[in-house]
Amino acid sequence: MDKTPSIIYNVTVNIDDSIHKEWLSWIKQHIPEVLATGNFSEAKLTRVLVEEELGGITYSIQYRAYNRDALENYYKHHADRLRQDGLKRFADKMLAFRTELEVIDDYTVTLNS
């Protein structure tokens with residue numbers, strides 16, 4: 001088994017209420033495009049359950065990169081192109097920031113039947 005740590009590329013986005021439905025539909029098409037780059041093994045789209053002082057709705061998209069090299073490959077060859085559509089459509093109605101997280105360990109619960 002490969003012991004190279006995986007990296008979570010987390011994108012947190014606050015969306016203005018006025019474009020929320022349009023953005024949500026768009027991001028559900030965008031995530032498979034990011035995965036199709038071959039640099040990530042999975043993605044999770046989550047809604048942040050904290051009410052923002054400035055309003056809007058906040059989401060976190062977590063892409064699990066295979067390793068640091070895969071994430072760097074994504075940045076170098078795909079990130080700018082894939083971000084452009086979202087920026088053109090929603091730039092003035094959204095605020096996004098990105099975080100890289102190194103996975104130290106994964107834990108799961110197994111329930112007895």
- Partners meeting ring-ring contact (aromatic ring centres under 6.0 Å, His included) with H77 (sequence neighbours left out): none

For residues 27-36, which side-chain N or O atoms pair as donor and acceptor with protein atoms under 3.5 Å away, sequence neighbours left out?
none

- Message: How long is the straight-line distance from CG of N10 back to CD1 of I61, given to the nearest 0.5 Å?
- Response: 8.0 Å

- Item | Euclidean distance, I15 CD1 relative to F90 CZ, rounded to 0.5 Å | 7.5 Å

- Query: Minimum heavy-atom separation for S6 to A65, with atom names?
  - Reply: CB-O, 3.2 Å

- Message: My understanding is that only one of Y66, Y75, F97 makes a ring-ring contact (aromatic ring centres under 6.0 Å, His included) with Y9; could you say which?
- Response: Y75

- Task: Flag yes if L87 and L82 sit in one hydrophobic cluster, no otherwise; membership is Ile, Leu, Val, Met, Phe, Trp, Tyr, and two members link when side-chain heavy atoms are under 4.5 Å apart.
- Result: no

- Query: Considering residues at least two apart in sequence or located in another chain, which fulfil the side chain to side chain donor-acceptor pair (under 3.5 Å) criterion with R81?
  - Reply: H78

- Working to the nearest 0.5 Å, report the span between CD1 of I19 and CZ of R89. 10.0 Å

- Message: I need the N14 CG to T58 OG1 distance, nearest 0.5 Å.
- Response: 4.0 Å

- Would you say the side-chain atoms of T46 pair up with the backbone N or O of S60, donor to acceptor, closer than 3.5 Å? yes

- Should the ring pair Y63 and F40 be called parallel, tilted or perpendicular, given that the plane angle runs from 0 to 90° and is split at 30 and 60? tilted

- Message: Would N39 and L71 count as a side-chain contact (heavy atoms from CB on, under 4.5 Å) here? Give the steps.
- Response: CA-CA 6 Å; N39 296 289; L71 184 57; over 6 Å; no

- Which is it for N73 and T37 under the side-chain contact (heavy atoms from CB on, under 4.5 Å) test, yes or no, and what are the steps along the way? CA-CA 9 Å; N73 184 65; T37 67; over 6 Å; no

- Check whether W26 and I57 end up in the same hydrophobic cluster, where Ile, Leu, Val, Met, Phe, Trp and Tyr are linked by side-chain heavy atoms less than 4.5 Å apart. yes

- Mind checking who shares a hydrophobic cluster with L54, ILVMFWY linked at side-chain heavy-atom distances under 4.5 Å? none

- Linking I/L/V/M/F/W/Y whenever any side-chain heavy atoms sit under 4.5 Å apart, do L24 and M94 land together? yes

- Message: More than 12 heavy atoms of other residues, nucleotides or ligands under 6.0 Å from CD of E51: yes or no?
- Response: no

- Qualifying salt bridge (Lys or Arg N to Asp or Glu O under 4.0 Å) pairs with a residue from residues 90-111, counting only residues at least two apart or across chains: R64-D106, R68-E100

- Query: In terms of hydrophobic clustering (I, L, V, M, F, W, Y; side-chain heavy atoms under 4.5 Å; direct or indirect links), are Y74 and L45 co-clustered?
  - Reply: yes

- Message: Taking side chain to side chain donor-acceptor pair (under 3.5 Å) as the definition, give me every residue that meets it alongside T110, ordered by chain and number, with sequence neighbours left out.
- Response: none

